[in-house]
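Comments concern the structure below.
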Amino acid sequence: MAASLRCFLRSGKNTVSALQRRDFHRSAPAAVQMTVRDALNQAMDEELERDERVFLLGEEVAQYDGAYKVSRGLWKKYGDKRIIDTPISEINVLLQAGLRPICEFMTFNFSMQAIDQIINSAAKTYYMSAGLQSVPIVFRGPNGASAGVAAQHSQCFAAWYGHCPGLKVVSPWNSEDAKGLLKSAIRDENPVVVLENELLYGVPFEMSEEAQSKDFTIPIGKAKIERQGNSITLVAHSRYVGHCLDAAAVLAKEGIECEVINLRTIRPMDVETIETSVMKTNHLVTVEGGWPQFGIGAEICARIMEGPAFNYLDSPVTRVTGVDIPMPYAKILEDHSLPQVKDIIFSVKKTLNI
Amino acid sequence: LGLSGARVVVSRSFADFTPQATFDIKKCDLHRLEEGPPVKAELTREQGLQYYRTMQTVRRMELKADQLYKQKIIRGFCHLYDGQEACAAGIEAAINPSDHLITAYRAHGYTYTRGVSVKEILAELTGRRGGVAKGKGGSMHMYAPHFYGGNGIVGAQVPLGAGIALACQYQGNNQVCVTLYGDGAANQGQLFESYNMAALWKLPCIFICENNKYGMGTSVERAAASTDYYKRGDFIPGLRVDGMDVLCVREATQFAADHCRAGKGPIIMELQTYRYHGHSMSDPGVSYRTREEIQEVRSKSDPISMLKERMLSHNMASVEEFKEIDIEIRKQVEEATQFATSDPEPPLEELCNHIFSKNPPLEVRGTSPWSKLKSVS
């Protein structure tokens, strides 16, 4: 049953509503498997239907169904007015007065062509106008490393965008994150940067019954504890949440119980959840794909040090990060440029002095 | 007739062939120019065979890359050039090795014409230490003397090209910079900034738009308010050239280079060309264009076939001769493939090298604070 459901869902057809009407056992709610891609697609579909002012623009989003097929089927359903193919002109990030655009960057590497507009026009305008002009815009697309796409296509922009007041920045990991955060981003009155991950697009995750609802949103600014533990706190965002959970499974065999926190939002960061956890476990390891200097882990270290959790630390915080180099192409070099599960395990043990 | 017999025939044949012929080529559309390149091109037998060899090598190399990608031996992005060979070959025929060239990511052909061996190109694609960038660059980041890549961000190479032209002017070396981009990049604002500065300062920059009709999946009509790319430089003179004819490309590039070297400032060339493959290996290339269209270009305008037929019809070479060249090239590509698939990956010690130039060795942070790696220039 589950296997055929999975096949059916992976084919892209929307069976969610049909399933909801079925009566299963009284025990567990009817969860389904959904890929991150389909979750993002569903989020946009639902929001496009809900609010006429929402529209999607970007390169290849319409007739091509999206460079990574995230917007598959949307142009067919909503047409030229709501789903717009643009020329290769990232900087034409439009301040569409009264509308609510979703701007897709084919990858966030290309957002650098438009970054002046994102920061100086989108992020700062509400402040500069003292509340007169709001910018309800979403910038979304794949961020960070992929596989073999080399130096110019592999950068993580979490720290860059996370640095700027006026922006909200989210970084979903699984399908529920993707759907809930994207819907919140679209409904938010402010510019929101949604950092997706190409390698996660095709990965199926469980979607709870609650997540399948058309009104399911995840609040921006709230982290989630994916796994409870007492020995040490691991904090990550996006793909590395999965790596942390894998490391936690291995470490559990040795009696080390990791508490894994999925940041979900980069800015505003939910430091409180991290602090509460550290005050319980006394140890902290941060994990990210981006470069170490001035990064997410660096920010977490500073915030922990400035708050109540500092006195609960039994050892300095450890940051696990990408290697401080441009991304090389050759597979062996690329593999060694990013955190592996074994690097996390190693860092946990070093931090615990084991 | 045994193989050895055929060889004997070929080696004695040169005296029977026409050493040089003149061909009619398509007239270029002109923008802000009184005269354009000549409408007749002279071709020696030697030149013809050389252009054939160049284009056929690029063709076979790209098809081999296609194969290796499907076998997952090449990974990441791979943008193939087959169909557009006349552009790279024609341009190189009209400029000097001391001139400069920069292009975007559909760069394997130019990497070859600018002097890198097939072996080093394929080994770079397979990510091995023998690759032209030691395996660290990949498909989009290959470099050579006077060849500045291989650039991944659409349009970003154009301001760089204008800058190289500025350097040529600054150094007074009479060199030009050929700055290539596609029809997709033609709508990037940074190009217009480059046009302005190049024209203002009369930089020896040949801007060349390789118009293959599609920017990934978007046809030119859906992306550009004006598809007259040779006119988009406004105050910069322009030529629209048949990019499938290597002689047309050569004559136009010669004309453009002369224009720049005479101190007249930049010039734009639009090469009308076509790519057989999709945008990249992840794009089947048939969702936005028909198979019939691709087939038609292949049968009526293939650059390699066109050159071959011209030479055969003027008795400049024999069918056997072309076959021999094909066999040689196939062998060369096979040997290069052998190398590219057997050469080891780069050593881990290379990981952090080449961050800075002419710098004392520095320490680089690895994935954890305990991982201290070394970087040398």
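Every heavy atom of this structure was used, including side-chain atoms; hydrogens, water molecules and symmetry mates were not. The structure displayed is predicted, hence computed values, not measured ones. Convention: sequence-line order gives letters A, B, ...; per-chain numbering from 1.
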- A:I344, part contacting chain B, at a heavy-atom distance under 4.5 Å: neither
- Task: Grab the two heavy atoms, one from A:L333 and one from B:P346, that are nearest each other, plus how far apart they are.
- Result: CD1-CG, 3.6 Å
- Item | B:S371 side, atom OG; A:D343 side, atom CG - distance, nearest 0.5 Å | 7.5 Å
- Query: A:H153 vs B:H141 aromatic rings, parallel, tilted or perpendicular, using cut-offs 30° and 60°?
  - Reply: tilted
- Message: Report which part of B:F77 has an atom under 4.5 Å of a heavy atom belonging to chain A: side chain, backbone, both, or neither.
- Response: both
- For A:A330 against B:G127, the heavy-atom pair lying closest together: CB-O, 3.3 Å
- Go through the atoms of A:S154 and report whether side chain, backbone, both or neither lie under 4.5 Å from a heavy atom of chain B. neither
- When only pairs under 4.5 Å are counted, which of B:R222, B:E124, B:E350, B:K136 shares the most heavy-atom pairs with chain A? B:R222
- Task: Rounded to the nearest 0.5 Å, what's the gap from NE2 on A:H336 to OG1 on B:T367? Could you check?
- Result: 9.0 Å
- Message: Checking the side chain of A:Q63 only, and the main-chain atoms of B:T218 only, is there a donor and an acceptor separated by less than 3.5 Å?
- Response: no
- Task: Would you mind checking which part of B:V154 comes under 4.5 Å of any heavy atom in chain A, side chain (CB onward), backbone (N, CA, C, O), both or neither?
- Result: both
- Message: The criterion is salt bridge (charged side-chain N to carboxylate O under 4.0 Å, His left out); which residues satisfy it with B:K134, sequence neighbours excluded?
- Response: none
- Query: Is chain B contacted by the side chain of A:A67, its backbone, both, or neither, given a heavy-atom distance below 4.5 Å?
  - Reply: both
- Query: Should the ring pair B:W370 and A:F346 be called parallel, tilted or perpendicular, given that the plane angle runs from 0 to 90° and is split at 30 and 60?
  - Reply: perpendicular
- Message: Please identify, among B:A224, B:G137, B:A186, the residue contributing the most non-hydrogen atom pairs under 4.5 Å to chain A.
- Response: B:G137
- So, for B:P369 and A:T318, which heavy atoms are closest and what is the spacing to 0.1 Å? CD-CG2, 3.7 Å
- How close do B:A223 and A:P87 get, heavy atom to heavy atom, and via which atoms? O-CG, 3.2 Å
- Query: Of the backbone (N, CA, C, O) and the side chain (C-beta and beyond), which part of A:T321 lies under 4.5 Å from a heavy atom of chain B, both, or neither?
  - Reply: both
- Message: What part of B:L373 gets within 4.5 angstrom of chain A, counting heavy atoms only: side chain, backbone, both, or neither?
- Response: side chain
- Message: Heavy-atom cut-off 4.5 Å, strictly under: side chain, backbone, both or neither for A:M112 against chain B?
- Response: neither
- Message: Just verifying a value: how many Å separate A:Q113 CD and B:Q190 CD, rounded to the nearest 0.5 Å?
- Response: 4.5 Å
- Message: Ignoring hydrogens, what is the shortest heavy-atom contact between A:D324 and B:I355? Give both atom names and the distance.
- Response: O-CD1, 3.8 Å
- For B:S368, is it the side chain, the backbone, both or neither that has a heavy atom under 4.5 Å from a heavy atom of chain A? both
- Item | Within 6.0 angstrom of A:K77 NZ, more than 12 heavy atoms from elsewhere | yes
- From OG1 (A:T107) to CD1 (B:I153), nearest 0.5 Å: 6.5 Å
- pair A:E60-B:H279: side-chain heavy atoms closer than 4.5 Å: no
- Message: Looking at B:L125, is its backbone amide N or carbonyl O close enough to the side chain of A:Y329 to form a donor-acceptor pair, meaning the two atoms are under 3.5 Å apart?
- Response: yes
- Considering all heavy atoms of both residues, which atom of B:E345 and which atom of A:I332 are nearest to each other, and what is their separation? OE2-N, 3.0 Å
- Heavy atoms of other groups near A:K69 NZ, more than 12 under 6.0 Å: yes
- Item | Interface moiety of A:E59 toward chain B, non-hydrogen atoms closer than 4.5 Å | neither
